Q: 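This structure is in structure tokens; I'll ask about it shortly.
Positions are given from 1 along the sequence. Note that these values count all heavy atoms, side chains included, but never hydrogens, waters or copies made by symmetry. Please read all numbers here as calculations on a predicted model, not as lab measurements.
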Amino acid sequence: MAETSPTASAQARAAKLVGRLPLAFHDDDPNAEKALHEDISAIVAMGDGESLWVGVDEGASLERLVARRDPDGAVIGYGGHVRFDLHDFFDFPSDASEEADVEGLSIADGYLWVVGSHSLKRKKPKHGDHPDEALEQLTKVQREANRFLIGRIPIAAGDRPGAPTLAAKAPALDGGKRKRRSGALRMGRKHSPLSKLLAKDVHLGPFLSIPSKDNGFDVEGLAVQGERVFLGLRGPVLRGWAIVLELRIVATSKRRLTLKPVDDDGALYRKHFLDLDGLGVRSLLVQGNDMLLLTGPTMDLDGPVRLHRWRNALLAHDSSVIPREEVAPILDLPFGEGVDHAEGATIFALRPGAKPTLVVAYDSPSPARVLPSGQGALADVFELPDLT
């Protein structure tokens, strides 16, 4: 099978910017190192974009924004910010001083699913550090157990239309007696069910002890369809091949989820290796039987950023190696130098009856992207190619 080529993006076209959406927050955590709009890591829209759920790297919370529309019904921005503390829904191994590093969101069957990075982090030198201090910082690697999060929370009706809320317990969607409840895979201080499995994996095991920005294990994408849970890995990237893990997760008790076999042989996960031109996964989006992947560098550097289409992803029922012709890049997205890192993506139509568009939110927004209030930033809206 051919290795990736530096000219492999030739068939992707430059993304056409068709608008920008203000995402307005009101930051109510004076102890946070970063403002919310500086730290966006994941977004997912509900329905026709009436609300937007936002994940951030710092802390352990989810943010809900509500659409603002013009007289013709087109979405023109988001506000009505409400914060939800994840400690209200999950049993974390560490207290609220430790971040969950939320990196992926997905909506399925009335639940909002959320995943933490599962990664280690290496300290980085500060500007002005003495060389000895800088070298010492680079030796420090931290494990934060709250990052082992894979869970779901019921979405419930809020106090007004278009403003949903999250609830630890909510009525069944079909009117049945079994209520929907929040739950997560068990999180330990040193391991999770997933990390224990992968520790013995021939491809991924060696990377569990490597920090994320060093091409270590790092979850950044999430897509859920029924019991199938797909995790997109920013790293590791192996000889240019990115990885999507597939799990099967079911509820076994009121507040506990568990891994179940994905096949008749008892395997608890599948691995899908994809030729993404050497890039890692930043976000996953399901479109019919296909999957769209927002991709970017694995290491701590700028660009390129692309949108790839994995054809018939949901029809794959075995571990797979996906050649480039089946996961071709379709868009080249803009990126900044030290700013405007594309982290979250979602798809919806800006106005009733219009074609779906790709909405992208950014970590470390440039000053030009920050709202005049200083408490929000602009997300980009791109034309989505016809994927038929």
Q: Determine whether Asp48 and Pro352 make a side-chain contact, defined as any pair of heavy atoms from C-beta on separated by less than 4.5 Å.
A: no
Q: Are more than 12 heavy atoms from other residues, nucleotides or ligands located less than 6.0 Å from atom CD of Glu337?
A: no
Q: Supply the members, apart from Val44, of the Ile/Leu/Val/Met/Phe/Trp/Tyr cluster built from side-chain contacts under 4.5 Å; use none for a lone residue.
A: Met46, Trp53, Leu62, Val82, Phe84, Leu86, Phe89, Phe90, Phe92, Val102, Leu105, Ile107, Leu112, Val114, Phe148, Leu149, Ile153, Ile155, Leu166, Met187
Q: Would you mind listing every side-chain hydrogen bond (donor to acceptor under 3.5 Å, both in side chains) that reaches into residues 216-232, with sequence neighbours excluded?
A: Glu220-Arg234, Glu227-Arg248, Arg228-Glu246
Q: Running the 4.5 Å side-chain criterion over Ile, Leu, Val, Met, Phe, Trp and Tyr, what cluster does Leu371 land in, apart from itself?
A: Leu378
Q: Can you confirm whether or not the ring centre of Tyr362 sits under 6.0 Å from the ring centre of His341?
A: no
Q: Who pairs with Asp57 by side chain to side chain contact (heavy atoms under 4.5 Å, CB included), at least two apart in sequence or on another chain?
A: Asp39, Ser41, Asp101, Glu103, Asp363
Q: Could you check if a side-chain atom of Asp290 sits within less than 4.5 angstrom of a side-chain atom of Asn312, using non-hydrogen atoms only?
A: yes
Q: What's the verdict on side chain to side chain donor-acceptor pair (under 3.5 Å) for Arg147 and Ser119, showing C-alpha distance, side-chain angles and the deciding distance?
A: CA-CA 7 Å; Arg147 294 180 175 214; Ser119 67; 2.8 Å; yes
Q: What I'd like to find out is whether the side chain of Val381 reaches to under 4.5 Å of the side chain of Arg20, using heavy atoms alone.
A: no
Q: Tell me, which pairs form a salt bridge (Lys or Arg N to Asp or Glu O under 4.0 Å) where one or both residues lie in residues 338-356, sequence neighbours left out?
A: Arg282-Glu343, Asp340-Arg369
Q: Side chains of Arg309 and Val327: closer than 4.5 Å at any heavy-atom pair?
A: no
Q: Taking distance alone, no hydrogens or angles, what donor-acceptor pairs closer than 3.5 Å link side-chain atoms of residues 315-323 to residues at least two apart or in another chain?
A:
residue: Ser319; atom: OG; partner: Lys271; partner atom: N; Å: 3.0
residue: Ser320; atom: OG; partner: His272; partner atom: ND1; Å: 2.6

